[in-house]
Amino acid sequence: STGEQSVKVVLLGDSGVGKSSLALRFVTNEFKPYSESTIGASFMSKSIRIPVSPSSSLDDKSTQQERSIGLKIWDTAGQEKYRSLAPMYYRGAQVAILVYDITVPASFVALKEWALELKHNALPDLELVICGNKSDLEQFRRVDRAVGEQYAQEMDAVYVETSAKDGEGVADMFRGVAMRVPMM
Ligand code: GTP
Ligand code: MG
């Protein structure tokens, strides 16, 4: 098909885990060391091209078909006072990226609450991504990767680790999101 398919993605998680930083890194390839806490929510979008079918070594690059996906990213505010707004943003979303900070165990606990809330209130076929952000701070890590992976497995979610600061894993995460959304 020629038209662009839109995919609604929502970022959820505690204040300070790096949701806005992940969106900014993906959309503009920037990073702000003193990012301001989001008020209400913010919106960003980016179109990317992905292969129609998973590529194999036999594919001839020149005939490999691509499709365009418009990622519509809702970056929610993590502060408690905005919590009641979240359903407006996750309702109707095809993908939810639940973000925690690998150096802050409380942010992982909060993520589990989000996951349960989504299971009860969001679309039944919502794709869940569990994202351990700030992988550049490995020396201060306080949530083991295996713990995150285990929980993701229980929730039937994808697990990724990212660094909005150095960019590691960020584009792959959003590309992966786009690739898993069924073609319409
Ligand atoms: P709220 O908008 O309050 O919900 O927070 P948020 O989740 O959007 O966090 P934000 O992106 O504003 O980042 C919070 C702080 O963490 C900022 O100082 C960022 O610069 C920093 N930060 C974000 N991502 C990373 C990262 O991957 N590594 C490091 N070292 N710092 C990060
Ligand atoms: Mg923010």
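Both counts, for ligands and for their atoms, begin at 1 and track the order of listing.
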Using salt bridge (charged side-chain N to carboxylate O under 4.0 Å, His left out) as the criterion, point out the one residue from Lys112, Arg91, Arg83 that pairs with Glu117.
-> Arg83
Whether over 12 other heavy atoms sit under 6.0 Å from Glu36 CD = no
Does a salt bridge link Lys134 with Asp101, judged by any charged N lying under 4.0 Å from a carboxylate O?
-> yes
To which protein heavy atom is atom 27 (O) of ligand 1 closest, and what is the distance rounded to 0.1 Å?
-> Ala164 N, 2.8 Å
So which protein heavy atom does atom 12 (O) of ligand 1 come closest to, and at what separation?
-> Ser35 OG, 2.7 Å
Who's the nearest protein heavy-atom neighbour of atom 30 (N) of ligand 1, and how far?
-> Asp136 OD2, 2.8 Å
Contacting atoms of ligand 1, where contact means under 4.0 angstrom from a heavy atom of Asp14 | 7 (O)
For atom 5 (O) of ligand 1, find the nearest protein heavy atom and state the residue, atom name and distance (0.1 Å precision).
-> Gly16 N, 2.9 Å
Is ligand 1 under 4.0 Å from a heavy atom in the side chain of Ser135, in the backbone, in both, or in neither?
-> neither
Take the angle between the ring planes of Phe43 and Trp74 and call it parallel below 30°, perpendicular above 60°, tilted in between.
-> tilted
What is the OG(Ser20)-the Mg ion (ligand 2)-OG1(Thr38) angle, to the nearest 10 degrees?
-> 80°
Going by the order shown, which atoms of ligand 1 are within less than 4.0 Å of some heavy atom of Ser21?
-> 10 (P), 11 (O), 13 (O), 19 (C), 23 (C), 24 (N)
Taking the minimum heavy-atom distance to atom 24 (N) of ligand 1, which of Asn133, Val170, Asp75 ranks first?
-> Asn133
Option with minimal heavy-atom separation from atom 8 (O) of ligand 1, where the choices are Ser20, Gly132, Gly13 = Ser20
Could you list which atoms of ligand 1 come closer than 4.0 Å to a heavy atom of Lys32?
-> 19 (C), 20 (O)
Residue, atom name and distance, where the atom is the protein heavy atom closest to atom 21 (C) of ligand 1 = Lys134 NZ, 3.9 Å
Leu137 heavy atoms, cut-off 4.0 Å: which ligand 1 atoms fall inside?
-> 30 (N)
So does Glu30 pair up with Arg25, basic N to acidic O under 4.0 Å?
-> no
When you measure from the side chain of Ser163 to the backbone N and O of Asp166, does any donor-acceptor pair fall under 3.5 Å?
-> yes
Answer yes or no: is there a side-chain heavy-atom contact under 4.5 Å between Gln65 and Pro51?
-> no
Atom 9 (O) of ligand 1: closest protein heavy atom, distance to 0.1 Å, is Gly18 N, 3.1 Å
Within the distance-only criterion (no hydrogens, no angle test), does the side chain of Thr76 pair as donor or acceptor with the backbone N or O of Ala86 below 3.5 angstrom?
-> no
Go through ligand 1 atom by atom and flag the ones less than 4.0 Å from a non-hydrogen atom of Ser37.
-> 1 (P), 2 (O), 3 (O)
Subset of ligand 1 atoms that lie under 4.0 Å from at least one heavy atom of Gly78 | 1 (P), 4 (O)
Atoms of ligand 1 under 4.0 Å from any heavy atom of Val17, numbered from 1 in the order shown, are 7 (O), 9 (O)
Does Pro33, backbone or side chain, put an N or O under 3.5 Å from an N or O of ligand 1?
-> yes
Polar atom proximity, Thr162 to ligand 1 (N or O, under 3.5 Å) | no
What are the atoms of ligand 1, with element, lying closer than 4.0 Å to any heavy atom of Thr38?
-> 1 (P), 2 (O), 3 (O)
